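These numbers were taken from a predicted model, which means no experiment stands behind them. Along the sequence shown, residues are numbered consecutively beginning with 1.
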Amino acid sequence: MSNQIPLLKMSLGSAAPLGATLVSEEAGVTSWNFAVFAPDASALTLCLYLPDTEELLGELNFSGRTGPVWHLQVDGIDSGTLYAFKAAGADNRELGLAFDAERVVLDPYVKQLNRGLSFNQRLYQTKSHYMLAKGVLKPQQFDWQGSVKPQVPREKTVIYEAHVKGITMLHPEVPPPLRGTYLGLCHPAVISHLQQLGITTLQLLPVAAFLSEPRLNALQLSNYWGYNPVSLFAPEPRYQVNDAVSEFKTMVRSYHQAGIEVILDVVFNHTAEAGEDGPVLSFRGLANKHYYLFESHADITDFSQPCNYTGCGNTLNVAHPMVQKLVMDALRYWVTEMQVDGFRFDLATTLAREHKRFNPYAAFFQIIAQDPVLSVVKLIAEPWDVGPMGYQLGQFPAQWSELNDKCRDTFRAFWRGDQGVLPEFTTRLLGSRDIFQKHHKPACCSVNYLTYHDGFTLHDVVSYNDKHNWLNGEENRDGHSHNLSSNHGVEGATKDPQVIANRYQHKRNLVATLLLSQGMIHWLGGDELSHTQRGNNNAYCQDNDISWLDWHLDSDEDDFLQFVRQMLAFRRKYACLQQLSLLDDSYQLHGDKHQITWFLPDGSEKQEHDWHDPQRSGCIFQISNKVSKVSLLFVFNAAETPLNINMPKRQWQLLFDTSIDKGLQQEDANRVSQYQQNAQSISVWQ
């Protein structure tokens, strides 16, 4: 029997929209409609709690049901009251049922949590409601001050990947109370750094509320990256000072006022409820067999084994209409209410699995394509998961961009000195048209990157041959070993000046290659600061100075920062680096067309048979604009010996050489017809 709370008025309410929806507000007293998808539940209960102590105020039975949706309207709730649900029904995992009338669960549509969620084994086993954070029933009003979304074209986009906490925790200009928070992230010093770099778009590691795995708690570690969601809507309370929702909006508003987009790394492929023995937190306790995929898909009576296409224990069943609706509602909420500019989808192959197989024409893609809100934002796929046929690079729709790991691997292999990679290197450099075909997709479908949050940082790519993940508690078994890195003779930190010089030369080559390449650019935040994770290439559980950016730079680090700024400015200056429009590409028609000519070191034009020489470790090519007549000449030499060049057709003026003056631009260079390109270096000419 429900504990009736005085002064509350209950009615049937409405089956739509799902979640807790504000009906009215007057003098701090609110009316809310609650709608919950729980088709197999025999009863549903609304639990209300005091905001400060989480003490139970009372429990109210849902009195309305329309098909699979339970609903209830409650009038007279004090603003700030907390809430959760209890769902009664059978607990039979083989039938896909996981109900427990004594255990509270979160609303899948909860928009704000009162605190960060931390797993406590004792509280969980005793089914204490204090184990779970609660939803907050509070009207949200916010003044956007007329800020507008920057709407940066895809081909001009330069993404900066950052962690809310990692970028601010050690920043000397961010006040200590704001470090690690949304408000710290939008401090003027942080925004100024990104503006000086030339960043157009800030990409945040997951900010939807998440839970550290119980296994990590036992190791006294935590899920720092946040790829373990408990909510698809609520911003993570760990990053708040007082109010996560309003402070997240303040952060977005500040970046928009500075002309910088904000996109989110979102996790719609799995949840923190993990595998069959994982905790019941929300989805599983309300509609387990509907929210998740199971191995015995053809047998609708066997739900004993969840699919694990994500490596995290479970897989959301995005092909189910109600799960699809949940994901779409979450995306629209972040775009409209929170004003973000787009999304990077973690393990995006999972989202397009229908009958467990990837479908390039999946309903998920079709719905987004026709949605007036979602079809116009940035959509970036991590085009793989760990399930069968999970690698799907190049198979997403044309309005999507995709992380191109082939770019990363080929750029690294080329500058490490691997033989026989020149043809693929040039293909990756000029837009990976073997994957993103001309006439069908623009080159900006390819998201080119050197490093990502999962893997070595750029400084570690040139400082370590092997991963060093011992602090992760898995005896260095976690993380991949295919790093395509080079330590230049010393593993890890060193004071040897020649090793240091070689490492910075290597980094300049990689950076110049990335920023001269065709595609959307992704930059790992901290690489410009020469951030090191001390050889850890899977620092997902390192919430400490392994992951936090160090803003104090020595002279070499400062010179490298200047080089990165120069290269980003160089890319902005030349249209052919942002969007190479070739005469034989009809995907986009406009007058600004380019022509590419390839040369041999003697100045003659390269012939087809020259591409098949495995000993070649360099290339020379010219990009000419057919309208403006502006031409750039690019020289790449990955060999361990200098390359003597007869400059093709004319005299050229050097713009920069990564092996001279730390790669910084040559302002008064003479025009020359011959040049010696130093070993393992790049030059660009006009």
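- You'll find the side chain of R571 reaches within 4.5 Å of the side chain of I521, heavy atoms only.
- With ring centers used as reference points, H163 lies 6.0 Å or more from H453.
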- Item | Worked check of ring-ring contact (aromatic ring centres under 6.0 Å, His included) between W685 and Y675 | CA-CA 11 Å; W685 305 74; Y675 190 70; 4.6 Å; yes
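- For the residue pair N472 and Q542, a side-chain donor N or O sits within less than 3.5 Å of a side-chain acceptor on the partner.
- Between the D602 side chain and the S604 main chain, a donor and an acceptor come within less than 3.5 Å of each other.
- Shown here for L549 and G525, the closest heavy-atom pair between the two residues is CD2-O, 3.9 Å.
- If you check the side chains of Q622 and S624, you find a donor sitting under 3.5 Å from an acceptor.
- Counted by atom type alone, E382 and Y452 present zero donor-acceptor pairs between their side chains at under 3.5 Å.
- In this view, D496 satisfies the salt bridge (charged side-chain N to carboxylate O under 4.0 Å, His left out) rule with no residue, not counting sequence neighbours.
- Around the CD atom of Q676, the shell of radius 6.0 Å holds more than 12 heavy atoms that belong to other residues, nucleotides or ligands.
- Put simply, the side chain of R671 gets close to the backbone of Q686: a donor and an acceptor are under 3.5 Å apart.
- Using a 3.5 Å distance cut-off with no hydrogens or angles, the side chains of N404 and S446 do pair a donor with an acceptor.
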- Message: Would F570 and F656 count as a ring-ring contact (aromatic ring centres under 6.0 Å, His included) here? Give the steps.
- Response: CA-CA 10 Å; F570 190 84; F656 70 86; 5.4 Å; yes
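- Aromatic ring pairs are classed by plane angle as parallel below 30°, tilted from 30° to 60° and perpendicular above 60°; the pair F634 and F621 is parallel.
- Put simply, the side chain of E261 gets close to the backbone of V152: a donor and an acceptor are under 3.5 Å apart.
- Panel note: side chain Y309, backbone L347; no donor-acceptor pair is recorded below 3.5 Å.
- A tilted orientation is assigned to the rings of F345 and F343, their planes being inclined by 30° to 60°.
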- Message: Could you go through F636 and F425, starting from their C-alpha distance and side-chain angles, then the distance that decides it, and tell me whether this counts as ring-ring contact (aromatic ring centres under 6.0 Å, His included)?
- Response: CA-CA 10 Å; F636 291 78; F425 175 79; 5.6 Å; yes
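- N678 and S659 are linked by a side-chain donor-acceptor pair at a separation below 3.5 angstrom, with hydrogens and angles left out of the test.
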- Taking it one step at a time, do E424 and T410 satisfy side chain to side chain donor-acceptor pair (under 3.5 Å)? CA-CA 7 Å; E424 184 173 2; T410 307; 3.2 Å; yes
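- Here the side chains of T658 and Q680 are not in contact, with every heavy-atom distance at 4.5 Å or above.
- Contact of the E402 side chain with the K441 side chain is registered, since non-hydrogen atoms from C-beta on lie closer than 4.5 Å.
- Of all the heavy atoms in V462 and H488, the pair that sits closest is O-CD2, 3.3 Å.
- The CG atom of D610 lies 4.5 Å from the CG atom of L600; values are rounded to the nearest 0.5 Å.
- Shortest non-hydrogen contact noted between S517 and F411 is CB-CZ, 4.0 Å.
- In this structure, D409 does not pair ionically with R416, as no charged nitrogen and carboxylate oxygen lie closer than 4.0 Å.
- Two residues are said to be in side-chain contact when any heavy atoms from C-beta on lie closer than 4.5 Å; E491 and H468 meet this criterion.
- When side chains are defined from C-beta on, P648 counts as touching L633, because their heavy atoms get closer than 4.5 Å.
- Using modelled atom types and a 3.5 Å distance limit, the side chains of W470 and N536 yield no donor-acceptor pair.
- Judged by distance alone, the side chains of N537 and D460 never bring a donor and an acceptor atom under 3.5 Å apart.
- With hydrogens and angles ignored, the 3.5 Å screen pairs a side-chain donor or acceptor of K467 with a backbone N or O of D478.
- Under the 4.5 Å side-chain criterion, counting only non-hydrogen atoms from C-beta, H459 is in contact with K507.
- Side-chain N/O atoms of T451 and D527 include a donor and acceptor closer than 3.5 Å.
- Contact annotation: the side chain of R534 approaches that of I546 to within less than 4.5 Å [non-hydrogen atoms, C-beta and beyond].
- Between Y391 and W384, the ring planes lie parallel to each other; the angle is under 30°, not in the 30° to 60° tilted range.
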- Message: What verdict does the side chain to side chain donor-acceptor pair (under 3.5 Å) test give for S683 and Q677, after you've listed the backbone C-alpha separation in whole Å, the side-chain angles of each residue and the deciding distance to 0.1 Å?
- Response: CA-CA 8 Å; S683 64; Q677 186 66 50; 2.5 Å; yes
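- Put simply, the side chain of C619 reaches to within 4.5 Å of the side chain of L422, judged on heavy atoms.
- Between Q533 and A539, the shortest heavy-atom contact is NE2-CB, 3.8 Å.
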